Amino acid sequence: MHHPTPAVAYALAAPATLDALVRQHAALAIEAQADPGAIPASDSAYDVAWAVARRLGFIESDAAVIAQAWGQRSAREGHWRADWPDDPLDFGLGTAAAATQPGSAAEHPAATNSPPPFASHPDGLGLYAVLPNAAWVQRMAAAGVPTLQLRYKPSANPGPGTPPEAEVLAQVRAAVAAVASTASRLYINDHWQAAIEAGAYGVHLGQEDLDALAPEALDALRSAGLRLGISTHGYAELLRAAALRPSYIALGAVFPTTLKAMPTAPQGCARLRAYAQLLARLRPAIPTVAIGGIGLEHLGAIAASGVGSFAVVRALTASPDPAAAAQALQRRWAELRPLTGA
């Protein structure tokens, strides 16, 4: 197996030792994805960490990221540590503080070669409602929800003389108008050209959206002053998102959700905590939003993870009284605020 970082051997490859490491970090496990037969190709920190990550059920791309970070930390410190890596520098993410340290720029190019950051939020995102159309945006803006997302999917048959692009633009314009006289901030899911044209607050992109996006599109979003949020489902996607220096990163799906097919299993609160802690240590930190199957009953665990905000869909759209549900969610989150570190 290739070692992206210098190999540091620790004679840790014995099955009993691997089992102990897996037990130590069992809260991070997703059994359905686990490879109990994963064994390290050598006793290097990279290979041992890779085997631990695979036994815990991290997908291949995430296991490689974890192994790289564990190996980088071991090489940097000159010894093995059994605790979970959480230093941005070991994950290849530069920080403002790190960039001022002698030699850090050569070791971590991201510290000096990062793109310009996207516009930031003047304060936290708070309750973040993901909504299907402009009418719902208007309804939740009137209810005082601070952050809204229009996730509009054009109809298969928009009607004669109405192309899907025109239908989308009409919805985006209506949603922007709906929040114009409120304190709510509106993100547009996916449809970034329409968001720029209508003067939206920001754009939210999934990983597939990023795949389809030309580099000049990101420059256009920055130039227009729009905020950018990005969905992630694990370490590899998190690093990709963080390298773009977005306005926030969404972490999920935390719990099972039936609203869309997810590329990965539900991550759970232990992984959410690991992702949030890593991003919180960046300087400047990138705000985080937990998403996926979240309801009022989950907010204690979500806040304890240290994530800065949370997004909901069904907790509002499936409620018999969405305005009251929004108020209940915001009251509970305010009570839990000391846990979030916000």
Side-chain angles (χ1 to χ4, degrees), residues 25 27-28 53 58 62 65-66 68-70 72-73 76-77 81 83-101 104 108 110-111 114-115 117-128 146-147 185 187 202 204 227-255 267-292 294 298-311 332-342:
H25 301 293
L28 297 166
F58 283 94
D62 290 344
V65 169
I66 294 163
Q68 167 74 6
W70 222 318
Q72 178 65 42
R73 182 179 66 182
R76 177 168 55 82
E77 297 182 349
R81 281 169 47 190
D83 58 312
W84 201 256
D86 63 357
D87 190 320
L89 288 179
D90 293 327
F91 285 85
L93 297 173
T95 68
T100 65
Q101 297 173 3
S104 63
H108 305 283
S114 296
F118 279 85
S120 61
H121 294 267
D123 48 28
L125 286 83
L127 171 60
Y128 191 145
T147 307
R185 303 186 180 100
Y187 282 85
H204 180 91
R227 279 75 176 170
L228 175 65
I230 300 176
S231 293
T232 65
H233 310 91
Y235 276 110
E237 293 182 358
L238 184 155
L239 296 192
R240 179 192 189 191
L244 297 176
R245 303 177 72 186
S247 307
Y248 71 83
I249 291 178
L251 307 169
V254 184
F255 304 111
Q267 299 292 291
C269 288
R271 291 195 184 191
L272 177 64
R273 180 180 180 85
Y275 304 146
Q277 286 182 336
L278 174 62
L279 291 172
R281 294 191 63 184
L282 281 174
R283 294 294 178 268
I286 298 177
T288 50
V289 181
I291 189 169
I294 297 170
H298 301 120
L299 293 192
I302 294 294
S305 74
V307 74
S309 182
F310 67 102
R332 181 60 177 146
W333 192 249
E335 294 169 357
L336 294 165
R337 184 108 182 186
L339 294 178
T340 70

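Side chains are part of it too, since the values below use all heavy atoms of this structure and drop only hydrogens, waters and symmetry mates. Quantities reported herein were computed from a predicted structural model and do not represent experimental measurements.
- For H25, the ring pair (Phe, Tyr, Trp, His ring centres under 6.0 Å) partners two or more places apart in sequence, or in a different chain, are W70, W84.
- Taken to the nearest 0.5 Å, the CZ atom of R245 stands 11.5 Å off from the CG atom of L93.
- Residues Q267 and L272 form no side-chain contact, since every pair of their non-hydrogen atoms from C-beta on lies 4.5 Å or further apart.
- Aromatic rings from H204 and Y248 are positioned such that their centres are separated by under 6.0 Å.
- Side chains of V307 and V289 form no contact here, defined as non-hydrogen atoms less than 4.5 Å apart.
- Across every non-hydrogen atom of L228 and P246, the tightest pair is O-CB, 3.3 Å.
- Checked by atom type, the side-chain pair Y128/Y187 shows no donor-acceptor distance below 3.5 Å.
- With sequence neighbours left out, R73 forms a salt bridge (charged side-chain N to carboxylate O under 4.0 Å, His left out) with D83.
- Considering every non-hydrogen atom in both I230 and L244, the closest pair reads CD1-CD1, 3.8 Å.
- The distance from atom CD1 of I249 to atom CG of L251, rounded to the nearest 0.5 Å, is 7.0 Å.
- Side-chain contact between F91 and V65 is present, with heavy atoms from C-beta onward closer than 4.5 Å.
- Taken to the nearest 0.5 Å, the CD1 atom of I294 stands 6.5 Å off from the CZ atom of F255.
- A donor-acceptor pair under 3.5 Å links the side-chain atoms of T288 to the main chain of G308, judged by distance alone.
- With hydrogens and angles disregarded, no donor-acceptor distance shorter than 3.5 Å links the side chain of R273 to the backbone of G306.
- With rounding to the nearest 0.5 Å, the separation of CD in E77 from CZ in R81 is 4.5 Å.
- Between L127 and W333, every side-chain heavy-atom pair lies at or beyond the 4.5 Å cut-off.
- Judged by distance alone, with hydrogens and angles left aside, the side-chain atoms of S305 form no donor-acceptor pair with the main-chain N or O of C269 at under 3.5 Å.
- Side-chain contact check for L125 versus P146: every heavy-atom pair is 4.5 Å or farther apart.
- Looking at R185 and H121, their side chains come closer than 4.5 Å, going by heavy atoms from C-beta outward.
- A salt bridge does not link E237 to R240: none of the charged nitrogens lies less than 4.0 Å from a carboxylate oxygen.
- The two residues A280 and R283 come nearest to each other via the heavy atoms O-NH1, 2.7 Å.
- Taking CG from L279 and OG1 from T232, the interatomic distance works out to 7.5 Å, rounded to the nearest 0.5 Å.
- Side-chain atoms of D62 do not come within 3.5 Å of backbone N or O of G234 as any donor-acceptor pair.
- Interatomic distance, CZ of R76 versus CG of D87, reported as 5.0 Å (0.5 Å rounding).
- A side-chain donor-acceptor contact under 3.5 Å links S247 to the backbone of A119.
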